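Data block below; observations after.
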Amino acid sequence: MAMANAGIRRLLADSGEQRGWVSPRTDLVTALLGVWFGIGLMIDAWAHTNLTQLETFFTPWHAAFYSGFAAVAGWIIWQVWRNTRTGRQGVAAVPMGYLAGLLAIPAFAVFGLFDLMWHTFLGIETTIDILFSPSHLGLIVTMMLIITTPLRSAWNAPDLGPRPTLGRLLPALVGLAFATTLVSLFLGYADALQWSGPGIVDAFSSVEGTRADRIASAMVISNVVTLAPVLLLARRWSLPFGSVTILHAVGILMSGAQTAFGNLSILLTFVAAGLVSDLLIRWLRPSGGRRGAYWGFAGLSGFLTWSMYMGAASVAAGRLPTVPELWTGAPIVAGLIGLALGALFLPNAVTAEPVPTSAADAERA
């Protein structure tokens with residue numbers, strides 16, 4: 001036992017080398033394994049929402065989820081192990097961007113065991129209580145750290161200049177998109193993408209009751225959840241065409257899984273809104289150094305996205321909502337919130353920083 005402990009201490013002792021980056025292909029594999037992980041969660045979320053007779057932790061849905069975790073965790077650990085075989089030890093063996101994901105792996109496993117015990121003694125949640133379970137919250141936070149590993153890896157990668165190609169940025173986009181779906185899942189009680197077109201129109205056709213309040217609140221929250229990641233990326237890079245479309249295409253999957261894709265017209269309209277935002281980026285060229293264009297994009301993206309949302313709902317219902325203030329004002333509110341987010345993300349114009357040329361430069365940044 002003493003020899004084993006001594007060996008572990010030697011392995012964890014930092015050998016002092018500069019940390020390096022993985023290849024773009026490695027990041028892509030990390031992202032794709034994260035897709036497996038994320039899709040597994042979506043399948044599990046669908047089961048919890050639609051199969052109320054769940055009575056055990058050991059289900060095919062959990063198998064899909066936890067096998068995805070095992071795959072991406074094994075891959076990240078393998079990247080570190082490869083570096084230890086070259087003589088690196090401790091933090092020096094962990095590639096840039098991979099440390100948080102590596103630390104989240106054992107934490108996720110602990111929360112998974114906690115989840116098993118929770119379900120065993122307290123039962124299986126099938127309503128809103130599933131979104132407040134402490135074991136689920138621990139799983140989702142650690143999962144987010146794992147699947148955003150490609151984004152952190154790309155953030156200061158020396159081969160990623162201020163204008164990356166879509167292919168090179170794809171792993172980061174996929175990781176961030178699935179992280180956004182995790183947020184939308186745990187705010188599912190205020191997810192505007194889960195509403196059907198007729199339901200939206202009916203809710204905005206009366207000021208009595210709480211349905212109008214619910215959909216209005218859901219639109220505000222969903223606007224923030226979906227627009228904030230786009231603004232984060234647009235501040236860091238000049239986004240290649242198709243970036244927002246990818247984010248939205250992945251973003252609808254969690255909402256679709258929970259509704260069994262029964263509101264497909266609303267979901268596809270949201271993807272189309274991503275394409276409109278990509279066109280706005282091409283036209284306005286928002287960046288950290290172009291504050292006015294950045295703010296303009298933030299406001300217009302919010303306004304156009306939710307205008308299209310209201311339009312699709314009206315087409316699906318075959319009529320407009322009967323309270324004009326609600327359906328005309330809701331997209332304007334979304335645009336104003338987008339403008340506020342733009343000012344929050346970029347209160348002052350900033351010049352593009354040079355891309356670090358070494359791991360030491362990145363760590364200093």
Side-chain angles (χ1 to χ4, degrees), residues 166 169 173-174 176-181 183-184 187-188 190-201 203-204 215-234 239-259 261-286 293-317 320-321 326-342 345:
L166 183 61
L169 197 59
L173 290 172
V174 170
L176 182 58
F178 272 93
T180 304
T181 68
V183 177
S184 69
L187 294 175
D191 182 3
L193 297 183
Q194 292 190 34
W195 286 67
S196 66
I200 296 164
V201 171
F204 273 169
I215 184 60
S217 300
M219 289 176 66
V220 168
I221 292 173
S222 296
N223 184 35
V224 172
V225 170
T226 56
L227 185 54
V230 178
L231 295 178
L232 172 68
L233 294 179
L239 292 179
F241 188 81
S243 298
V244 187
T245 304
I246 290 173
L247 290 173
H248 281 208
V250 174
I252 68 170
L253 296 178
M254 187 67 77
S255 302
Q258 292 177 282
T259 58
F261 291 93
N263 58 337
L264 193 58
S265 61
I266 295 296
L267 298 176
L268 292 180
T269 298
F270 195 72
V271 178
L275 179 60
V276 170
S277 290
D278 278 319
L279 292 171
L280 279 176
I281 289 175
R282 174 166 288 187
W283 174 43
L284 294 173
R285 295 181 292 113
Y294 186 90
W295 288 7
F297 166 75
L300 285 173
S301 179
F303 172 75
L304 292 175
T305 295
W306 296 98
S307 294
M308 294 174 66
Y309 175 87
M310 289 303 310
S314 299
V315 169
L320 288 169
L326 294 178
W327 67 267
T328 59
I332 296 175
V333 170
L336 292 173
I337 291 173
L339 182 60
L341 283 176
F345 273 75

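Source: prediction; values computed, not measured.
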Query raised in the report: Mind checking whether T180 and L247 have side chains closer than 4.5 Å, heavy atoms only?
Result: no
Report summary line: Between the CD1 atom in I266 and the OG atom in S255, the distance rounded to the nearest 0.5 Å is 11.5 Å
Query - Side-chain heavy-atom pair P240, L169 within 4.5 angstrom cut-off - result: yes
Report task. Measure the spacing between CE of M219 and CD1 of I200 and express it to the nearest 0.5 Å. Result -> 7.5 Å
Query raised in the report: Are the side chain of S307 and the backbone of L304 linked by a donor-acceptor contact shorter than 3.5 Å?
Result: no
**Report entry** For G251 against T181, the heavy-atom pair lying closest together
**Finding:** CA-CG2, 3.9 Å
Query raised in the report: Atom CZ of F345 and atom CG of L231: how far apart are they, to the nearest 0.5 Å?
Result: 5.5 Å
Query - Rounded distance [0.5 Å steps], CG in L341 versus CG in L232 - result: 11.5 Å
**Report entry** Check against side-chain contact (heavy atoms from CB on, under 4.5 Å), L233 and V244
**Finding:** CA-CA 10 Å; L233 294 179; V244 187; over 6 Å; no
Query raised in the report: Between Y309 (side chain) and A192 (backbone), is there a donor-acceptor pair under 3.5 Å?
Result: yes
Report summary line: Heavy atoms of W195 and A218 approach each other most closely as NE1-CB, 4.5 Å
Query raised in the report: Got L275 and F241 here, is their nearest side-chain heavy-atom distance under 4.5 Å?
Result: yes
Report task. Please report the shortest heavy-atom distance between F204 and A330, naming the atom on each side. Result -> CE1-CB, 4.1 Å
Query raised in the report: How long is the gap from CG on L279 to CG on L284, to the nearest 0.5 Å?
Result: 10.5 Å
Requested in this report: Hey, could you give me the CG/NE2 distance between L253 and H248, rounded to the nearest 0.5 Å?
Outcome: 12.5 Å
Query raised in the report: Are a donor atom and an acceptor atom from the side chains of S184 and D191 found within less than 3.5 Å of each other?
Result: no
**Report entry** Test item: T305 side-chain N/O and G302 main-chain N/O as donor-acceptor pair under 3.5 Å
**Finding:** no
Query raised in the report: With a 4.5 Å heavy-atom cut-off, do I337 and L227 have their side chains touching?
Result: no
Report summary line: Taking every heavy atom of N263 against every heavy atom of T259, the minimum-distance pair comes out as OD1-OG1, 3.0 Å
Query - Residue pair I252 / V271, side-chain heavy-atom distance below 4.5 Å - result: yes
Query - Heavy-atom closest contact (L166 atom, G242 atom, distance) - result: CD1-C, 4.2 Å
Query raised in the report: Where do I215 and L326 land on the side-chain contact (heavy atoms from CB on, under 4.5 Å) test, with the steps shown first?
Result: CA-CA 10 Å; I215 184 60; L326 294 178; over 6 Å; no
Requested in this report: Return the minimal non-hydrogen interatomic distance between D278 and S243, and the atom names on each side.
Outcome: OD1-N, 3.3 Å
Query raised in the report: Can you find a heavy atom in the side chain of T328 that is under 4.5 Å from one in the side chain of I332?
Result: no
Requested in this report: Look at the aromatic rings of F270 and W306 and report parallel, tilted or perpendicular, splitting at 30° and 60°.
Outcome: tilted
